[in-house]
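What follows is a set of notes on a single structure, which appears directly below.
Labels below follow one simple rule: chain letters A, B, ... track the order of the sequence lines, proteins then strands, and each chain is numbered from 1.
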2 protein chains.
Amino acid sequence: MNTHQHSTPELTKNQGLVYDSLSHAGGPLSAYAILDDLRDHGIRAPLQVYRALDKLLEMGLVHRLESLNSFVACQHPDCDARATMLFAICSKCSCVSELAGEDLEAQLKSLAASDGFTVQAATIELRGICSACGQSAA
Amino acid sequence: MNTHQHSTPELTKNQGLVYDSLSHAGGPLSAYAILDDLRDHGIRAPLQVYRALDKLLEMGLVHRLESLNSFVACQHPDCDARATMLFAICSKCSCVSELAGEDLEAQLKSLAASDGFTVQAATIELRGICSACGQSAA
DNA sequence: ACAATAAATGTTATTTTATAACACCTCGAG
DNA sequence: CTCGAGGTGTTATAAAATAACATTTATTGT
């Protein structure tokens, strides 16, 4: 049940477990939720999870949601080459969708540049109501 | 040394202490750093700080930096009425500047809307090099 | 194949960040 | 006065992340 399109470089055992747990969850998980999920598979300590997450983040297979202290599997085919990413987090159902902001990045950079600031990385997390929840509760 | 322009509604004792500590710091502080800073002023427990921070956040006098798990005093005259805020965090000197993105907000909302998502709040945190650090180290 | 080296793993303990639960105090509206 | 909301003080605990160290598994050069 591995739905990613990435040209997955060989993952180690723990990296694979953590990545599968995340993709399988279909939503954000905290490191400790992943830990619980993987107890039966030999993962016993937080560090095992954090170490795998670090590598997966480097590879761009996983993203970190700062405002939730949690992690999601990347929803895009090919994320290392990625422009600025944007996460839309639903306040009701907690679902997360990952949007690409082509112009957004340029605009952010120019806005920052007007203050003499050179952007290296951007965290953009929106809170709101997703389309599914918006329809169900008028 | 209270540089804010806000029409500061009366702050309670702890709120005032926390706010002063933050404005005085001139940069982001963690809740526990604030706690340490205020030990001599009768603040002894994390909750005292977190409770004050909660109110200050509500009032818009203070912002939370999700990617740092820390807090800054608002740099703008009048922030409750504010548009989407954007924080530029320097990787070298850790200074933070708060920029206003007028069009940015519109663009974010329309980008999200194209996915059926209704934005309630946005977290935008940039990592990079501030103008001061950019000049000193070519 | 084999030593040398790098990367990943397993484990215990600790640090850092944030809340829960409960008692008390203060101050203003009725 | 009184009672009720918001603020405070305190102890204990939960949740998130890292430090330090020993061991094991891959990789690489020769």
Side-chain angles (χ1 to χ4, degrees), chain A residues 8-22 25 27-73 87 89 94 96 123 125 127, chain B residues 8-22 25 27-73 87 89 94 96 123 125 127:
Chain A
T8 313
E10 310 90 34
L11 299 181
T12 65
K13 189 185 67 160
N14 289 0
Q15 289 162 16
L17 286 169
V18 168
Y19 181 72
D20 283 347
S21 175
L22 268 180
L29 293 180
S30 73
Y32 282 75
I34 296 171
L35 175 57
D36 285 341
D37 190 40
L38 295 177
R39 293 234 186 243
D40 298 340
H41 296 72
I43 300 293
R44 291 176 216 188
L47 252 195
Q48 297 178 278
V49 175
Y50 281 108
R51 287 201 276 230
L53 283 172
D54 280 347
K55 293 300 176 184
L56 292 168
L57 287 167
E58 267 177 26
M59 297 179 205
L61 289 174
V62 159
H63 301 292
R64 177 190 179 105
L65 298 174
E66 303 285 356
S67 63
L68 298 179
N69 287 331
S70 57
F71 304 84
V72 280
F87 299 93
I89 305 167
S94 298
V96 173
T123 297
E125 298 175 18
R127 280 311 196 114
Chain B
T8 312
E10 310 92 34
L11 299 181
T12 65
K13 189 185 67 157
N14 289 0
Q15 289 161 17
L17 286 170
V18 168
Y19 181 71
D20 283 347
S21 175
L22 268 179
L29 293 179
S30 73
Y32 282 76
I34 296 172
L35 175 56
D36 284 341
D37 189 41
L38 295 177
R39 294 237 185 240
D40 298 340
H41 297 73
I43 300 292
R44 290 174 219 191
L47 254 195
Q48 298 178 279
V49 175
Y50 281 108
R51 288 200 276 229
L53 284 172
D54 280 346
K55 294 300 176 185
L56 293 168
L57 287 166
E58 268 178 25
M59 297 178 205
L61 289 174
V62 158
H63 301 292
R64 178 189 179 107
L65 298 174
E66 303 285 356
S67 64
L68 297 180
N69 288 330
S70 58
F71 305 84
V72 280
F87 300 92
I89 305 168
S94 297
V96 173
T123 297
E125 298 175 18
R127 280 309 196 115

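For the atom pair OH (A:Tyr50) and CG (A:Leu35), the distance works out to 9.0 Å, reported to the nearest 0.5 Å.
Residue B:Leu47 is the one, among A:Tyr50 and B:Leu47, whose nearest nucleotide of DNA chain D lies closer to the 5' end (criterion: closest heavy atom).
Taking side-chain N and O atoms only, B:Lys13 has no distance below 4.0 Å to OP1 or OP2 of D:dG7. For D:dG6, the OP1/OP2 oxygens have no side-chain nitrogen or oxygen of B:Thr12 closer than 4.0 Å. A sub-4.0 Å separation between OP1 or OP2 of C:dG10 and a side-chain N or O of A:Asn14 is present. The shortest distance between the side-chain N/O atoms of B:Asn69 and the OP1/OP2 oxygens of C:dA18 is below 4.0 Å. Contact annotation: A:Arg44 side-chain N/O to C:dG10 OP1/OP2 distance is not under 4.0 Å.
Proximity note for A:Pro46 (side chain, C-beta onward) versus C:dT17, D:dA16, D:dA17: the nearest is D:dA17. The A:Gln48 side chain lies nearest to C:dG10 when the options are D:dA16, D:dA17, C:dG10. Set against D:dT8, C:dT9, C:dA18, the side chain of B:Ala31 has C:dA18 as its closest nucleotide. Of all nucleotides listed (C:dT12, C:dT9, C:dT17), C:dT17 comes nearest to the side chain of B:Ser30.
Counting heavy atoms from C-beta on, the side chains of A:Ile34 and A:Leu53 come closer than 4.5 Å. Side-chain atoms of B:Leu11 and B:Met59, non-hydrogen and from C-beta on, do get closer than 4.5 Å to each other. Residues B:Leu65 and B:Phe87 are in side-chain contact: their nearest non-hydrogen atoms beyond the backbone lie under 4.5 Å apart.
Rounded to an integer number of Å, the gap from CE of B:Met59 to P of D:dG6 is 13 Å. Atom NE2 of A:His41 and atom C1' of C:dT9 are 17 Å apart (whole Å). Nucleotide D:dT25 holds its P atom 19 Å from the CD atom of A:Glu10, rounded to whole Å. Atom-to-atom, CG of A:Asp36 to P of D:dA14 comes out at 14 Å; the value is rounded to the nearest Å. Taking atom CG of A:Leu35 as the reference point, atom P of D:dA16 lies 11 Å away to the nearest angstrom. Here D:dA15 presents its P atom at 16 Å from CG of A:Leu68, a figure rounded to the nearest Å. Per the geometry, CG belonging to A:Leu53 stands 15 Å off C1' belonging to C:dT9, to the nearest Å. Between the CD1 atom of B:Ile34 and the P atom of C:dT16 there is a distance of 16 Å, rounded to whole Å.
The base of D:dA14 does not come close enough to the side chain of A:Tyr32 for any donor and acceptor atom to sit less than 3.5 Å apart. On a pure distance criterion of 3.5 Å, a polar donor-acceptor pair joins the side chain of A:Arg51 and the base of C:dG10.
Between the A:Glu125 side chain and the B:Thr123 main chain, no donor and acceptor come within less than 3.5 Å of each other.
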